[in-house]
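Numbering of residues begins at 1 and proceeds along the displayed sequence.
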Amino acid sequence: MYANNIFKKGLIGAVLSALLIGFDQLTKYWAVSGLKDKDAFVLWNGVFELRYLENRGAAFGILQGQKWPLVIFTIVILAILIYVFLNKIPMGKKFFFLDLISILFFAGAIGNFIDRIAQDYVIDFFYFCLIDFPIFNVADIYVTVAAFLLIVLGFFYYKDEDWEKIFPAKHEK
């Protein structure tokens, strides 16, 4: 029964991840076809625009040109995410949000990982020029939303006993 539940959870997670990754890749395709080698597309003058960028680093442009450390880091994070999602987060409605957070982190990481492996850069295109925020993409939104949800739910929804179910404390003998 337990193996069946893990398989079902994994299948649902894989399907949802595939849909999210597909949407991310579709938006990047649109960015390449509609924005590359063109002026920015202004959606709200002075506030928000679509602007093509090839990011050869990580978030906020850090680690520029460091493809292989980023690839290795991503693989390690993905392995941890899969392990925690399938083996640590308990089944049940109470932990639905942690499942969702895991899927969002996974889809965001894979979305940018695909770009990094396939073309040595990540395609970014959303730009808040009002605050000169670094240009980002849909996969980045997944990761940011997941991180925000994890912080909020960690403080206000999940209790110590919930975290104990996921990460049992080592008891001294």
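Checked for salt-bridge contact, E49 and R51 meet the test: a charged N lies under 4.0 Å from a carboxylate O. Electrostatic pairing of R116 and D120 does not count as a salt bridge here, judged by no charged N lying under 4.0 Å from a carboxylate O.
Between F106 and F85, the ring center distance fails the sub-6.0 Å criterion.
Between L150 and L98, some side-chain heavy-atom pair lies under the 4.5 Å cut-off. T27 has its side chain within reach of F125: a pair of non-hydrogen atoms, C-beta onward, lies under 4.5 Å apart. Residues I166 and P90 meet the side-chain proximity criterion, which asks for heavy atoms closer than 4.5 Å. Within the 4.5 Å cutoff, side-chain heavy atoms of L35 are placed close to those of F41. In this structure, the side chains of R56 and K67 stay at 4.5 Å or more apart for every pair of heavy atoms. Within the 4.5 Å cutoff, the side chain of Y121 has no heavy atoms near those of the N55 side chain. Annotation: side chain of Q25 is not in contact with side chain of V138 (no heavy-atom distance under 4.5 Å). Side-chain contact between L104 and V143 is absent, with no heavy atoms from C-beta onward closer than 4.5 Å.
Taking CG of L11 as the start and CG of L16 as the end, the distance is 9.5 Å to the nearest 0.5 Å. Taken to the nearest 0.5 Å, the CD1 atom of I117 stands 10.0 Å off from the CD1 atom of I110. Taken from CD1 in I72 to CD1 in I77, the straight-line distance is 13.0 Å, to the nearest 0.5 Å. One distance of note links CZ of F23 with CD1 of I141; it measures 8.5 Å at 0.5 Å rounding.
When atom types are taken as modelled, the side chain of D132 and the backbone of C129 share no donor-acceptor pair closer than 3.5 angstrom.
Linking ILVMFWY residues whenever their side-chain heavy atoms come closer than 4.5 Å, directly or via other members, places I114 and V76 in the same cluster. Hydrophobic cluster membership is shared by V84 and M91, with clusters built from Ile, Leu, Val, Met, Phe, Trp and Tyr side chains linked at under 4.5 angstrom. Hydrophobic clustering places W163 together with Y83 (ILVMFWY residues linked when any side-chain heavy atoms are closer than 4.5 Å, directly or through intermediates). Both L100 and I80 belong to a common hydrophobic cluster when Ile, Leu, Val, Met, Phe, Trp and Tyr are linked at side-chain heavy-atom distances under 4.5 angstrom. Under a hydrophobic-cluster definition in which Ile, Leu, Val, Met, Phe, Trp and Tyr are linked whenever side-chain heavy atoms come within less than 4.5 Å, directly or via other members, I151 and F167 are assigned to different clusters.
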### Task
Assess whether side chain to side chain contact (heavy atoms under 4.5 Å, CB included) is satisfied between D124 and V122, documenting all intermediate values.
CA-CA 6 Å; D124 290 332; V122 174; 3.8 Å; yes
Q: Show your reasoning for whether salt bridge (charged side-chain N to carboxylate O under 4.0 Å, His left out) applies to E54 and K36.
A: CA-CA 9 Å; E54 295 174 356; K36 187 174 182 177; 3.6 Å; yes
Item checked: Steps toward side chain to side chain contact (heavy atoms under 4.5 Å, CB included) verdict (I89, S102) -> CA-CA 10 Å; I89 300 174; S102 297; 3.4 Å; yes
_Verdict with reasoning, L26 to W30, per side chain to side chain contact (heavy atoms under 4.5 Å, CB included)_ = CA-CA 6 Å; L26 182 61; W30 288 337; 3.5 Å; yes
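Partners of F95 according to the ring pair (Phe, Tyr, Trp, His ring centres under 6.0 Å) rule, which considers only residues two or more places apart in sequence or in another chain, are Y158.
The two residues S17 and A107 have their closest heavy-atom pair at O-CB, 4.1 Å. Residues K38 and S33 come closest through the heavy atom pair NZ-O, 3.5 Å. For the pair A109 and T74, the tightest heavy-atom approach, listed with the atom from each and the gap, is O-CG2, 4.1 Å. Between A31 and I123 the shortest heavy-atom distance is CB-CG2, 4.1 Å.
N112 and K28 are linked by a side-chain donor-acceptor pair at a separation below 3.5 angstrom, with hydrogens and angles left out of the test.
More than 12 heavy atoms of other residues, nucleotides or ligands shown are found within 6.0 angstrom of OH on Y157. For F48, the CZ atom counts as densely surrounded, since its 6.0 Å shell holds more than 12 non-hydrogen atoms of other residues, nucleotides or ligands. Surrounding NZ of K8 are at most 12 heavy atoms belonging to other residues, nucleotides or ligands under 6.0 Å away.
Ring orientation note: the planes of F126 and F136 are tilted relative to one another, at an angle of 30° to 60°.
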